[in-house]
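Below is one structure, written out as structure tokens; comments come after it.
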Amino acid sequence: MSSDSLTQPRADHSRPQNPGGGARDYALDYIRRVRGGEMGSIPGIIGLVVLAIFFSILKGGFLDAYNVENMVVYGAPTIVMAMGLIFVLLLGEIDLSAGTAGGVCAVLAAVEMVRHQMNWVLAVLLAALLGAIIGMIIGWLRARVGIPSFVITLAAFLSFQGVTIIMVGNSGSILLPDSQKTLLALTSASTNDYMPIWAGWAMLAIVVVGYAAVKLRGVSKRMAENLAVEPYSIAMAKVAALAVLGAGFIYYMGYNRIVGVARSSFYGTLTSEGVPWIVPVVLVLLFGGTYLLNRTRYGRHVFAVGGNEEAARRAGIRVNAIRTSVFVICSFMAALSGLISLSVSAGVANNAGGGNTLLLAVGAAVIGGTSLFGGRGRIIDAVVGGLVVEIISWGMGDLITGTNAPGWQEVVTGLVLLLAAGFDAISRKAGSTQG
Amino acid sequence: MSVDAVPGRAAEPILRLRGIEKSFGPVHVLRSVDFTAYPGEVTALVGDNGAGKSTLVKCIGGTYSIDSGEYLYKGQQVHVHTPRAASALGIEIVYQDLALCENLDIVQNMFLGREEVDGRRALDENKMERMASQTLASLSVRTVKSVRQKVASLSGGQRQTVAIAKAVLWNSELVILDEPTAALGVAQTAQVLDLVRRLADQGLAVILISHNMNDVLQVADNIAVLYLGQMAAQVQRSEVNHTQIVELITAGRSGDLGLTGSAVGVGNGATA
Ligand SMILES: Nc1ncnc2c1ncn2[C@@H]1O[C@H](COP(=O)(O)OP(=O)(O)OP(=O)(O)O)[C@@H](O)[C@H]1O
Ligand SMILES: [Mg+2]
């Protein structure tokens, strides 16, 4: 690398970059990072845009408000599960049981609510607790007993499938009654409870102002301490992009989606407008998870263990505790994902969380930019990748029709995952100067 | 011993080991080893493969605990059984395998496990970045472009530099480097040796393990030779030449320096 050169002038770490300009430096720095294997969200976002355009050309109305809402709502369980998986993937581990663990937790909640008339808040807490306990057991088996996570979670995947079938019983599924309105309203799959229009805009305002405040405060603090800063122009551009995209989404979700849609007869005079409640839920998880990973010692230690376990151990990091904790987080998030699915489908079937549920979530994380080899990943990857996965499965449903359509759709989805993993492997190679 | 009467040297060694014994089960690796290190000096620790150099520094650094013998730090007898205890005394070791996280940047690596947090227990990135930059600047490190570069993108010499800077960040007083130039080319070796010299000039005690006699003779003030787990000799750099050092390493003695005949015999017997 050229930066080795002995003739290089001494880097002056104390000189602040000009916050007014410097966009060019920033761009060069970005290109250097991309060449080093750090893509950020850009490929995922480009993929999202290209796919959206592609599918809407193939089929008019692909991006109408009704479809967009559905992609968001049906994508949410995948996104939330992927958020949890990212912690596990950061350590280079895998949790194959996340899908069916989420299924078991959702069934527990459904059984308690429907058969034992448990208050929904309690049922949700119980399911989340079960998720955390499952994660604790997996983490203990991995970190203390030393069984490879692949084996533990494959075994758990199979067992949980069985547990779900047993718990659901002969009926084959448990349906949530309309009395469980609050939980159902999360995704408004069977009710018409959306965020009020004003609340959607208020949420956007909070997010944009908050993001801008964090950015500007960061820049001015670093300038005060004479550290290199992101140029104001770039920071403002990011804030503006968020504001524009967000405003577009909120505005779009303000359309009444019942008009002109077949469901209208069923719903009578009801309106269907506003942002689904699941959106703020996912945003809270996104911000919480990002803070945990990027701004706390715990998060730093997760990256360290994923990057070089021996180095982490020598630095005094409790590697086993970290390793256990990521499985707890993953199974906990899987439980939340299962509960969201429960809300989306207004019930739970005895194959809950089986099939390709887990695979799509892992795919979402990897497409978003998280590495399967550990050490690289961000919570936003789950959101970007989850939306890509969702748009592909919706688009595919339109694109591939005929008797063998489901088969072909799975083949294509599999190929997309392989492509993302290949991308990951190649960018990992590009990122290292040694080995 | 000649090492006790050197002009211009601190009165008291920062580290003095006496009669250190260390066995791994039946394998007797260190036999009655005496060793001293003075502040402001580079003490080279040399010896053939398997002589016990890494074992000795791991005993100093608390990775292994000694079976018997005296471990005096700043004149006080201390018991160092964990790496943490060694760090607390101001002893830092840069191991042969550098143990850096490639996916983290320079600042993150330098503060790994000892991150600074602000009042709300969030990472204080700015403070860490400033301290890391200052440390690198104080070592006159020229080769690192940005402290926010990932270690994956650094060359071997740059990585070594980061590992050394990490060790001195913590106001350490004794820094031990296990073969810091083993994997480096000519230019990068020169850089790292420069850095080693500067550390000593700043008043730190530096212990340098190396197989490269040119490096040792160039940078060391004092040379300790291990031969089959015994300290063959610890001498001032000015008192010996290349040939004598090589003889001490390979035979355990050179002229009137080194182990006596019977001691050499014991050493040989140990490997059987
Ligand atoms: N944990 C251990 N258990 C058993 N024997 C060990 C252990 N560590 C080291 N030894 C033995 O102790 C002897 C000294 O090893 P050590 O690693 O200290 O040598 P060294 O001088 O650092 O060699 P090198 O120059 O190859 O790094 C060797 O014979 C080695 O096999
Ligand atoms: Mg060694």
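Atoms considered below: every heavy atom in the structure, side chains included; atoms not considered: hydrogens, waters and symmetry mates. Each chain gets a letter, A, B and so on, in the order the sequences are listed, and its residues count up from 1. Quantities reported herein were computed from a predicted structural model and do not represent experimental measurements.
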List the atom pairs, donor and acceptor, that lie under 3.5 Å between side-chain atoms in residues 47-54 of chain B and the rest of the protein, sequence neighbours left out.
{"unit_1": "Lys53(B)", "atom_1": "NZ", "unit_2": "Gly47(B)", "atom_2": "O", "d": "2.9"}
{"unit_1": "Lys53(B)", "atom_1": "NZ", "unit_2": "Asp48(B)", "atom_2": "O", "d": "3.1"}
{"unit_1": "Ser54(B)", "atom_1": "OG", "unit_2": "Asp178(B)", "atom_2": "OD2", "d": "3.1"}

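If you measure heavy-atom distances from Arg130(B) to chain A, the contacts under 4.5 Å come from both the backbone and the side chain.
The distance from atom OG of Ser133(B) to atom CG of Asn226(A), rounded to the nearest 0.5 Å, is 11.0 Å. Arg148(B) contributes atom CZ, which lies 8.5 Å from atom CG of Leu227(A) (distance to the nearest 0.5 angstrom). For the atom pair Ile93(B) CD1 and Arg314(A) CZ, the distance stands at 9.5 Å (nearest 0.5 Å). The CZ atom of Arg297(A) lies 8.0 Å from the CG atom of Leu123(B); values are rounded to the nearest 0.5 Å.
Between Arg222(A) and Glu129(B), at least one side-chain nitrogen of the basic residue sits less than 4.0 Å from a carboxylate oxygen of the acidic one, meeting the salt-bridge criterion. Salt bridge Glu125(B)/Arg300(A): present, at least one basic N to carboxylate O contact under 4.0 Å.
A side-chain donor-acceptor contact under 3.5 Å links Asn308(A) to the backbone of Leu100(B).
Closest approach of Arg120(B) and Tyr291(A) over heavy atoms only: O-OH, 4.4 Å.
Comparing Glu310(A), Glu309(A), His301(A) by heavy-atom pairs within less than 4.5 Å of chain B, the highest count is held by His301(A).
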Please report the C-alpha distance between Asn103(B) and Arg376(A) in whole Å, then the side-chain angles of each, then the deciding distance to 0.1 Å, and finally whether the side chain to side chain contact (heavy atoms under 4.5 Å, CB included) criterion is met. CA-CA 7 Å; Asn103(B) 60 330; Arg376(A) 193 184 73 223; 5.8 Å; no
